[in-house]
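Structure record follows, encoded as structure tokens.
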Amino acid sequence: MTKSQTRSGITSADFDAIMREKVPFVGDMGVMTESLENDTAILRLPFNERYLRPGNVVCGPAIFGLADIALYAVAWLVVPQADLAVTTEATVHFLSGAKPGDLIAEAKILKAGRRLLIAECHIRSCVDNSLCAHVIGTYAMPPAEK
């Protein structure tokens, strides 16, 4: 497998199209896939003033939403049809206030089994590259086709 390939063959454009068609909320957020390679997904959440909370930082729901989408993206790296993959557990550590600006999520597979996928995600601010959140998530994977 070369650096630009994924286990399932999905591309960034494929994942963006799947999100627009099957999870319209993601399309409403404007999340864009920057890269899907090997066991890693990198996604961008463009800044929107609606994501600000008091203190002039990006709100937690926007940060966790981006992380959950990035974790879903790595599920698609493992199986060609991850429509039915669902979050079963997530632990979020908010590490610093995210300044107003785009956010980058980098999600990486830690372990991919037949039924469960465990991955981690780092959320960074594009303003100052600070690590804003660390998320560990577990996804229940769809059963293998027979």
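Numbers here are sequence positions counted from 1. Keep in mind that this is a model prediction, so the values were computed, not measured.
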Reported [atom1]-to-[atom2] distance for the pair [X] and [Y], which is rounded to 0.5 angstrom:
X    : Y    : atom1 : atom2 : value
F64  : F94  : CZ    : CZ    : 8.0 Å
E106 : I123 : CD    : CD1   : 10.0 Å
R50  : C59  : CZ    : SG    : 10.0 Å

For [X] and [Y], indicate whether the former's side chain and the latter's backbone hold a donor-acceptor pair under 3.5 Å.
X    : Y    : result
T88  : T138 : yes
D102 : F47  : yes
R124 : N129 : yes
S96  : L131 : yes
D16  : T33  : yes

Requested in this report: Taking only Lys NZ, Arg NE, NH1 and NH2, and the carboxylate oxygens of Asp or Glu, determine whether K108 and E120 approach each other closer than 4.0 Å.
Outcome: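 E120 and K108: not salt-bridged.
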
Query raised in the report: Would V74 and T40 count as a side chain to side chain contact (heavy atoms under 4.5 Å, CB included) if you check the C-alpha gap in whole Å, the side-chain angles of each, and the deciding distance to 0.1 Å?
Result: CA-CA 6 Å; V74 296; T40 303; 5.9 Å; no

Query - Full working for side chain to side chain contact (heavy atoms under 4.5 Å, CB included) between Y139 and E89 - result: CA-CA 7 Å; Y139 262 74; E89 180 274 335; over 6 Å; no

Requested in this report: Classify the angle between the aromatic ring planes of H122 and H134 as parallel (below 30°), tilted (30 to 60°) or perpendicular (above 60°).
Outcome: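 Tilted, since the angle between the ring planes falls between 30° and 60°.
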
Restricting to non-hydrogen atoms, name the atom on [X] and the atom on [Y] that form the minimum distance, rounded to 0.1 Å.
X    : Y   : answer
L103 : A98 : CD2-CB, 3.8 Å
A41  : A70 : CB-O, 4.1 Å
M141 : A85 : SD-CB, 4.1 Å

Report task. Applying side chain to side chain contact (heavy atoms under 4.5 Å, CB included), run through I104 and I42 and close with a yes or a no. Result -> CA-CA 7 Å; I104 294 288; I42 299 174; 3.8 Å; yes

